[in-house]
Amino acid sequence: MRHPEEYVEDVLSCVEQVPPGRVTTYGAIAEAVGRYGPRRVGNVMAGHGAAVAWWRVVRADGSLPPSHDGEARQAYLEEGTALRPSGRVDLEVAFFQPAPPGPPAMIRG
DNA sequence: GTTATGACTATGG
DNA sequence: GCCATAGCCATAA
């Protein structure tokens, strides 16, 4: 497990990769960092989420984060995120898979 | 070591 | 679509 900071940095890095108008899921981040599981991602967000665009992180079914779902809704309106009539995000068009922050983005070429 | 909890996910009714 | 259950990993008491 190394120090918690390292895991935090990786998780936050993935969230920062999510461009405006897009969202990602806890599972996607957990898969990108390849450590622990989605619950650990949520735990990090609870402690350091204030340092990133936490509203761009939603549940696997597109439902908004329970801490400040109202705040997130406002952010989606400004970013133009694909919001479904049910109040959830349309992952079909807004889902964004962040890349693992470990290796460099440019492999070759 | 066990029990309880958490910004989760998948399955079944 | 909503509720309940099982699985997951780490932290705290």
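On a predicted model such as this, the values are computed, not experimentally measured, just so you know. Letters A, B, ... mirror the listed sequences (proteins, then strands); counts begin at 1.
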Q: Starting from C1' on C:dT11, measure out to CD on A:E5 and report it in whole angstrom.
A: 17 Å

Q) Of all the choices, C:dC9, B:dA10, B:dA7, which nucleotide is nearest to the side chain of A:Y36 once you look at every atom? A) C:dC9

Q | Whole-Å distance separating the CD1 atom of A:I29 from the P atom of C:dC8 | A | 22 Å

Q. Do we see a donor-acceptor contact under 3.5 Å between the side chains of A:W55 and A:E79?
A. yes

Q. Roughly how many Å is it from CG in A:N43 to C1' in B:dA4, rounded to a whole number?
A. 14 Å

Q) Which nucleotide sits closest to the side chain of A:R59: B:dA10, B:dA7, B:dC8? A) B:dC8

(Q) Over all strands shown, is A:G27 touching base, sugar-phosphate only, or nothing at heavy-atom distances under 4.0 angstrom? (A) sugar-phosphate

(Q) If I take atom CZ in residue A:R35 and atom C1' in nucleotide C:dC8, what distance separates them, rounded to the nearest angstrom? (A) 16 Å

Q.
Less than 4.0 angstrom between a side-chain N/O of A:R39 and OP1 or OP2 of C:dC9, yes or no?
A. no

Q) What integer distance in Å separates A:H3:NE2 from C:dT11:C1'? A) 18 Å

Q: Could you work out which one of B:dA7, B:dC8, C:dC9 sits closest to the side chain of A:W54?
A: B:dA7

Q) Donor-acceptor pair under 3.5 Å: do we get one between A:Y26's side chain and the base of B:dA7? A) yes

Q: Rounded to the nearest angstrom, tell me the gap between atom CG in A:D61 and atom C1' in C:dG1.
A: 10 Å

Q) Given atom CG of A:L12 and atom C1' of B:dA7, what is their separation to the nearest angstrom? A) 13 Å

Q) Starting at OH of A:Y7 and ending at P of C:dA10, how long is that distance when rounded to a whole Å? A) 9 Å

Q. Under 4.0 Å between a side-chain N or O of A:R88 and OP1 or OP2 of C:dC2?
A. yes

